[in-house]
There are 2 protein chains.
Amino acid sequence: MKIVPPGRGPVTLRDVAEHAQVSIATASNALTGARRVGPDSVERVLRSAAELGYRPNGVARSLRTGLHRSIGLVIPDVTNPFWAGMVSVIEGLADESGFQLSLVNTGFDAGRESASLTRLAGSVDGVLLFSTNPRATMLAPALGGGLPIVAVDEGFELEGIGGVYSDNVGGGRLAAEHLVDAGGTVFGLLAGPASLTTAAQRSAGFAAGLAGRGVDPSRLHRVTAPYSFEGGREGVRRMLDRHPEVDALFACTDNQAIGATFEAHDLGRLVPDDLLVCGFDDISWASRITPALTTLRQDSAGMARRAFEQLVELVTHGGAPEVTVFPVSLVERASTRRVTSV
Amino acid sequence: MKIVPPGRGPVTLRDVAEHAQVSIATASNALTGARRVGPDSVERVLRSAAELGYRPNGVARSLRTGLHRSIGLVIPDVTNPFWAGMVSVIEGLADESGFQLSLVNTGFDAGRESASLTRLAGSVDGVLLFSTNPRATMLAPALGGGLPIVAVDEGFELEGIGGVYSDNVGGGRLAAEHLVDAGGTVFGLLAGPASLTTAAQRSAGFAAGLAGRGVDPSRLHRVTAPYSFEGGREGVRRMLDRHPEVDALFACTDNQAIGATFEAHDLGRLVPDDLLVCGFDDISWASRITPALTTLRQDSAGMARRAFEQLVELVTHGGAPEVTVFPVSLVERASTRRVTSV
DNA sequence: ATGAAAGCGCTAACAA
DNA sequence: TTGTTAGCGCTTTCAT
């Protein structure tokens, strides 16, 4: 069982061919099934390969075929539970399909994003891009190579690449309507960095939703903060400092919403009684904290799957890039449910 | 600026050489600095390369040199904040050193772990293995290839591979002593799956610590549960169901401890007054929940850095594998601080 | 200091 | 159905 050849390194296709008494081409075809091979030969080749412990050299194969069976995953922050969940789903799918996953964590740095894209171009067949939305021109070099890209979650303003997004505008509107219905009168919007399309869209949807409910713009106060727990803490502090009359808060992200909830608590403001809070994402921690967080659920698993499948499609059959928008749904929990409700 | 050649694909070294009027070998050497090259040639080559937009083909280079400038990261669950944090640190270091990162998420499946190791063997220079601890024999094929491996966090019982671990036994002991000091009288141990070395070691340390404090073994009750929030919930339910007299709980993981805290709350047991709770890891959520969780802090960033550096050392200079053990420290918070303390 | 050429392991033309 | 052979793009002897 351990016939691993003498001194030298790994077994090559040539070794297998010799051992099976066929040409190297036949060995290759028997293994890959690229063209018909006599049943007897195929049998011998398979046996030899197993016996010698042959492992095809992927690098050589890549050099020859130009394919890598590998995709890149460019993400702003693995530490964020929302993205971590999607990474997990995508990794599972990639593994099933025999693709490797090259992970890049940009830390919201647009420079790293474009740099990694150019670097990945040489070693992956395509990339799933959770963009920090750098100007498209920065990415021209990477895209010039015709690297298939599917943008996910965070929008990416460029023609010719696929996209999988949530209905962020609709979600923002739902949040606004819900907060009004729950008894909010003065509204705080904890937006994300301006460069993030999700932040821009959710904010826009929120403002539109309030307007639709007849809320005067003067009753909407906006603050910008990073997409993180600490961002939420710090953001809400600024918000309540400047506008203590705010009694309903929409955060563009659950991370922020949770941070805001804790900070509000530390500032002596009870959620939901003194402050209604609504987040976005529905990460698992949203339902764990007290009070449980009302939020807009994104179908992250569905988006991850769709994005992966579309990328594989682009890579293997080279179809036309598509854009898919997933609906979001309101998940009502304690953070917007006042006991003293009407 | 856009002299990218006619119709065909990417610029090759040959193109650069021709443009610079030197041999292909000289072009290579000018670019990599492998051997001395006349200053004038080096100048021309560099200019040509820049002008043509030359990007070296990493695959071809790998085939020739046998190096990939890529490392594998095999982890049980990216979704777990503790591991996600380490992934983030490692990714940053890899990027700095010009290594790519191939991520594998095993989902605690030993089969996937060994399968991925064999697959990675062909495309990375080494791997950081957060093992689910399959029998070492399963991995023989992967290791036969002489693939450099550094085990991290979860121990891996095999000679000849590096390791970076926390002092899990010591941590377990500290937890025991602290819970005794905080007023615990009957102890619950929420252990992890038997296959995980961290679970085994922390449990052993905990039992030893109790014994050291003169606690009779009959006052220690043990339950096994997955390393997850839900595992913690479900585990503590079983625990309190069978042994309602338990008034101090040690969970092998913060995730479990937090789940346990919430479940205890739902069962009407106040933490810390009815139940002291101590976790392990010090993930960021530990200090966010109410009551804030007492836990054993691991130096995850330090471990990640050490592991990465050791792996790079093994890959580039092939030194001898080492084992490093990091100390852990008790972080005392509200979950073990009774108001009615002595 | 430079060039010519071999070849890493594999797949895909082209022949037979 | 099978074999022979030409490279994929690069690094690296071996000559010069």
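Labels below follow one simple rule: chain letters A, B, ... track the order of the sequence lines, proteins then strands, and each chain is numbered from 1.
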Exercise for the section: With DNA chain C as reference, determine whether A:A34 or B:D40 sits nearer its 5' end, using the nearest nucleotide of each. Expected result: B:D40

Between [atom2] on [N] and [atom1] on [X], what's the gap in Å once rounded to a whole number?
X	N	atom1	atom2	result
A:E43	D:dT2	CD	P	13 Å
B:L13	D:dC10	CG	P	5 Å
B:D15	D:dC8	CG	P	11 Å
A:E18	C:dC10	CD	P	13 Å
A:I24	C:dC8	CD1	C1'	12 Å
B:N29	C:dA4	CG	P	14 Å
A:H68	D:dG9	NE2	C1'	12 Å
B:R14	C:dA4	CZ	P	11 Å

Taking the minimum atom-to-atom distance to the side chain of [X], which one of [options] wins?
X	options	answer
B:R64	C:dG3, C:dG7, C:dT2	C:dG7
B:N57	C:dT2, C:dC10, D:dG9	D:dG9
B:L63	D:dC10, D:dG9, C:dT2	D:dG9
A:R35	C:dT11, D:dT11, C:dC14	C:dC14

Exercise for the section: Give one of base, sugar-phosphate or nothing for A:S41, where a contact means two heavy atoms less than 4.0 Å apart. Expected result: sugar-phosphate

Exercise for the section: Using a heavy-atom cut-off of under 4.0 Å over every strand shown, decide if B:S28 touches base, sugar-phosphate, or nothing. Expected result: base

Handout entry: Contact under 4.0 Å: A:T26 side-chain N or O vs D:dT2 OP1/OP2
Key = no

Value rounded to 0.5 Å, distance of [atom1] in [X] from [atom2] in [Y]:
X	Y	atom1	atom2	result
A:E91	B:R112	CD	CZ	4.5 Å
A:S48	A:E43	OG	CD	9.5 Å
A:S114	A:L129	OG	CG	10.0 Å
A:F156	A:T132	CZ	OG1	10.5 Å

Completion exercise
Note: for B:A25 and B:V59 on DNA chain D, the residue whose nearest nucleotide lies more 5' is B:V59

Exercise for the section: Could you tell me whether the side chains of B:T198 and B:Y227 share a donor-acceptor contact shorter than 3.5 Å? Expected result: yes

